[in-house]
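In what follows, every chain begins at residue 1, and chains take the letters A, B, ... in the order their sequences are listed.
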Amino acid sequence: MAEKTVVQASNFVRNIIQEDLAQGKNQGLVATRFPPEPNGYLHIGHATSICLNFGLAADFSGTCTLRFDDTNPEKESDEYIQSIKRDVEWLGFEWHGEERYASSYFDTLHGFAVELIEKGLAYVCDLSPEQAREYRGSLTEPGKNSPYRERSVADSLDLFARMTAGEFADGAKVLRAKIDMTSPNMNLRDPIIYRIRHIHHHQTGDKWCVYPMYDFCHGLSDAIEGVTHSICTLEFEDHRPLYDWFIANVSAPSTPRQYEFARLELNYTVTSKRKLKQLVDSAAVTGWDDPRMPTISGMRRRGYTPAALRNFCAATPVARSKGITDVSRLESAVRDDLDSKAPRAMCVLDPIKVTITNWSADDVKTLVVPVHPKDETMGTRELTWTREVYIDRADFAMQAPRKWKRLAPQQSARLRGGYVVTCNQVITDADGKVLELLCTYDENTLGKKPEDYKVNGVVHWVSASHNLPVEVRVYDRLFNDENPDGNKERDFTECLNPESLQVISQAYAELGLASGTVGQQYQFEREGYFCIDTDSTADKMVINRTVTLRDSWGK
RNA sequence: UGGGGUGUAGUCAAGCGGUAAGGCAACGGGUUUUGAUCCCGUCAUGCGCAGGUUCGAAUCCUGCUAUCCCAGCCA
């Protein structure tokens, strides 16, 4: 089946690039970058950034690099680097050249810092963190100059060299840019550009004990890579003057421009690496790849597809106004992609036994049905029809409501792909719980409508004797509250949904599923989309519910 | 009380002086051996509020208001 074309939502960055190109800026080049800090797993918010940066580069025949913004070794690790690379690749993007590391620019960056000192635009400051905070002033009051601000160039040069050589303890001194302590923009009040950290770095080992701060490192790394359009989120808007200041005051090899857009917010979801890490560390979920997590690895395990995520991102407008996107948009992107790709199968999650009284117990019939109702290139599959079958408890009602299209006493329904059956008798236990349905089948209804009566319902089923018992994990949203961290009075973990995972230890799938391998996706007809989980063993297949089908009947 | 942003339907948004795109959600209807998919249709006399400029304003001007971000040696 052909790939659907996805509507590309508006994108103000795209417009800016088109104008730049029209004016011949940047020699007609477009270069972007995706710059994660390797301090956690990527989530749905990063997916929008990835799609934006790689997508823009692809659309304008440009390049997009993957650069690890690894300036804070304390929180970073190789595990995160590996997961990030895997996630970007899985999404279907290829970064330009080898992956980059800001840490591999440390020599150049250090040189830029020296250059600033030589120009009298940076100085070594001995203020303690507490003192520095006092000197910084507040949002409404200007800051005061540090007593070390007028230190001579020679002294700062010497001190910075000794900082770099490891002569001072963590926090003893910092290198600061000399800008304006009275600026209404806090970022310009002599920001710190290097701090001392005697700590092993996952890439550079013990080579350095001074590490550059984000503002200094990021823009200049962009300049080193020849990035033309540096796209980040809105909270960095106030940093832009600083971004430009560093590039203007150092012999930067190019002049990238920063553009900010509103990060993606999803309702019923938390997207903050810190909070996601908290969920993992507190065992509220089983790991970064728990299928309930909004991480890329979690969504992958849940059964979301790269195309679904890409389509979702492409259809998400890139704007400068903040808004909360409805998760239903994500879910509809998943359904939309899986509908055409997922083979169909049947699985009964909550069984009631049905005995077809006019079908012989030793008669086992093979039915051949299409794998996909609209795509015959996907072939056919076999179902086993026997005297005893299971249907779902939800598909039978003692008292059929109005417009009921399923089974009920004296009512008929088709067992999908098989015959029409009529329920003649209901066997219940002392409490009235339905134990078994006694039905008769109509032999003239295989592959055709009954001649003298109408059947409006179709119900999924599986043979009670020829099936594959599986464990099914049914997921619901992780949080009950639409805005988990919208209330400052309570911790976001207080609105964790206690029923976000329901384990059905024994469900019954059609036999054909036995050949499925980990990651294989299916549509269980009338139930939803499912995939085989990594927890599956030779003895027990574990299946995740990715998302339900749209349901206009209601639950 | 400083600075920087943003307010268009339930929701997210386009719109850039010429008479309010689109998506999701919702609601009707058609097809259907999945209450799915698919297909049709409905959904802003109005763009945060109040003035002003103009033949004409969501778009320009003035004032107001709401809301978000910034005082890490985090990114």
Side-chain angles (χ1 to χ4, degrees), chain A residues 6-7 9-10 12 35-37 39 69-72 74-76 125 127-129 132-134 136-143 170-176 182-189 191-197 211 213-215 217-218 232-241 260 262 265 267 273-274 315-333 335-336 339-340 344 346 369 372-374 403-406 413-418 420 445-449 455-460 523-529 548-554:
Chain A
V6 172
V7 182
S10 80
F12 74 92
E37 184 191 11
N39 66 345
D69 222 339
D70 53 351
T71 58
N72 187 9
E74 210 171 334
K75 293 181 176 172
E76 300 159 5
C125 180
L127 252 25
S128 69
R133 194 185 322 125
E134 284 168 31
R136 193 153 35 230
S138 73
L139 294 178
T140 52
E141 299 162 274
D170 287 5
K173 296 183 190 312
V174 293
L175 181 68
R176 293 228 249 168
T182 68
S183 172
N185 182 343
M186 300 295 289
N187 297 118
L188 265 21
R189 320 248 260 229
I192 293 168
I193 60 187
Y194 263 94
R195 78 285 214 182
I196 302 171
R197 283 283 176 282
Y211 292 98
M213 296 288 287
Y214 166 83
D215 287 299
C217 177
H218 196 93
C232 65
T233 47
L234 248 28
E235 68 268 28
F236 292 104
E237 204 157 15
D238 291 343
H239 295 241
R240 193 171 58 224
E260 312 86 16
E265 297 284 357
N267 58 5
K273 275 196 264 186
R274 205 201 95 237
T316 301
V318 178
R320 284 180 62 82
S321 55
K322 302 178 196 209
I324 298 171
T325 297
D326 203 310
V327 276
S328 68
R329 269 201 53 232
L330 216 205
E331 292 174 348
S332 91
R335 291 189 187 104
D336 192 50
D339 176 57
S340 59
R344 307 290 126 121
M346 290 195 283
V369 299
H372 192 287
K374 288 185 172 178
K403 292 190 176 175
W404 184 250
K405 292 169 68 172
R406 311 175 187 184
R414 176 180 297 279
L415 296 190
R416 167 136 253 239
V420 171
T445 56
L446 187 61
K448 56 188 175 188
K449 291 180 170 39
V455 173
N456 43 17
V458 180
V459 156
H460 60 101
Q523 183 199 95
F524 287 167
E525 292 184 286
R526 303 206 318 126
E527 286 286 356
Y529 295 98
T548 61
L549 253 30
R550 253 186 83 229
D551 181 8
S552 59
W553 170 253

Mind checking [X] for me? I need base, sugar-phosphate or nothing, with any heavy atom below 4.0 Å counting as a touch.
| X | value |
| --- | --- |
| A/S128 | base |
| A/K273 | nothing |
| A/P373 | base |
| A/F236 | base |
| A/L175 | nothing |
| A/S552 | sugar-phosphate |
| A/I192 | base |
| A/D238 | base |
| A/G447 | base |
| A/R240 | nothing |
| A/L446 | base |
| A/H460 | nothing |
| A/R320 | sugar-phosphate |
| A/M346 | nothing |

Within this structure, what is the [atom1]-[atom2] distance for the pair [X] and [Y], rounded to the nearest 0.5 Å?
| X | Y | atom1 | atom2 | value |
| --- | --- | --- | --- | --- |
| A/Q523 | A/H372 | CD | NE2 | 7.5 Å |
| A/Y211 | A/E74 | OH | CD | 10.5 Å |
| A/R550 | A/D336 | CZ | CG | 11.5 Å |
| A/S183 | A/R189 | OG | CZ | 6.5 Å |
| A/M213 | A/H218 | CE | NE2 | 14.0 Å |

Can you tell me if the side-chain N/O atoms of [X] get under 4.0 Å from OP1 or OP2 in [N]?
| X | N | answer |
| --- | --- | --- |
| A/R329 | B/rG10 | no |
| A/R189 | B/rC70 | no |
| A/R136 | B/rC70 | no |
| A/S321 | B/rG5 | no |

Among the candidates [options], find the nucleotide nearest to the side-chain atoms of [X].
| X | options | answer |
| --- | --- | --- |
| A/S328 | B/rA75, B/rC24, B/rU37 | B/rC24 |
| A/W404 | B/rG35, B/rG23, B/rU33 | B/rG35 |
| A/L549 | B/rU37, B/rA36, B/rG2 | B/rA36 |
| A/M213 | B/rA75, B/rA13, B/rG2 | B/rA75 |
| A/P317 | B/rG35, B/rC70, B/rA13 | B/rA13 |
| A/T140 | B/rG2, B/rG35, B/rC73 | B/rG2 |
| A/A319 | B/rA75, B/rA14, B/rG35 | B/rA14 |
| A/R416 | B/rC24, B/rU33, B/rU37 | B/rU33 |
| A/R526 | B/rA71, B/rG35, B/rG2 | B/rG35 |

Using the [atom1] atoms only, state how far [M] lies from [N], rounded to an integer number of Å.
| N | M | atom1 | result |
| --- | --- | --- | --- |
| B/rC68 | B/rC61 | P | 26 Å |
| B/rG2 | B/rC64 | P | 12 Å |
| B/rU8 | B/rA57 | C1' | 14 Å |
| B/rA26 | B/rA36 | P | 12 Å |
| B/rU19 | B/rU45 | C1' | 11 Å |
| B/rA9 | B/rA58 | C1' | 14 Å |
| B/rA50 | B/rU65 | C1' | 10 Å |
| B/rG17 | B/rU1 | C1' | 38 Å |

Please work out whether B/rG46 sits syn or anti, treating a glycosidic angle within 90° of 0 as syn.
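Anti, which is what one calls it when the glycosidic angle falls more than 90° from 0.
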
Of A/H218 and A/T445, whose closest RNA chain B nucleotide lies nearer the 5' terminus?
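Final value for this comparison: A/T445.
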
Which residue lies toward the 5' end of RNA chain B, A/L415 or A/E237, if each is placed at its nearest nucleotide?
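The 5'-side residue here is A/E237.
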
For B/rG72, the Watson-Crick or wobble partner whose two distances fall under 3.5 Å:
none

Ring stacking, A/Y214 with base of B/rA75, under 5.5 Å and under 30°?
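By the stated criterion, A/Y214 and B/rA75 do not stack.
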
On the side chain of [X], is there an atom forming a donor-acceptor pair with the base of [N] - under 3.5 Å, no angle test?
| X | N | value |
| --- | --- | --- |
| A/R550 | B/rU37 | no |
| A/K322 | B/rU6 | no |
| A/Q523 | B/rU34 | yes |
| A/R406 | B/rG35 | yes |

Can you check the [X] [atom1] to [N] [atom2] distance for me, whole Å?
| X | N | atom1 | atom2 | answer |
| --- | --- | --- | --- | --- |
| A/H239 | B/rC74 | NE2 | P | 13 Å |
| A/E235 | B/rG72 | CD | C1' | 14 Å |
| A/R133 | B/rA71 | CZ | P | 11 Å |
| A/E331 | B/rU11 | CD | P | 19 Å |
| A/E74 | B/rG72 | CD | C1' | 12 Å |
| A/Y529 | B/rU37 | OH | P | 8 Å |

Which pair of heavy atoms, one from A/L188 and one from A/P241, lies closest together, and at what distance?
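A/L188 and A/P241 have their closest heavy atoms at CD2-CB, 4.1 Å.
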
Qualifying residues under side-chain contact (heavy atoms from CB on, under 4.5 Å), relative to A/V458, sequence neighbours excluded:
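Here the qualifying residues are A/R414, A/R416.
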
Check: A/N185 main-chain N/O paired with A/D238 side-chain donor or acceptor under 3.5 Å:
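No; zero donor-acceptor contacts below 3.5 Å.
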
Any luck finding a side-chain donor-acceptor pair between A/D326 and A/S328 under 3.5 Å?
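Yes, because at least one side-chain N or O of A/D326 sits under 3.5 Å from a partner of the opposite role on A/S328.
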
Plane angle bin for A/H239 and A/F236 - parallel if under 30°, tilted between 30 and 60°, otherwise perpendicular
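Rings of A/F236 and A/H239: perpendicular, over 60°.
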
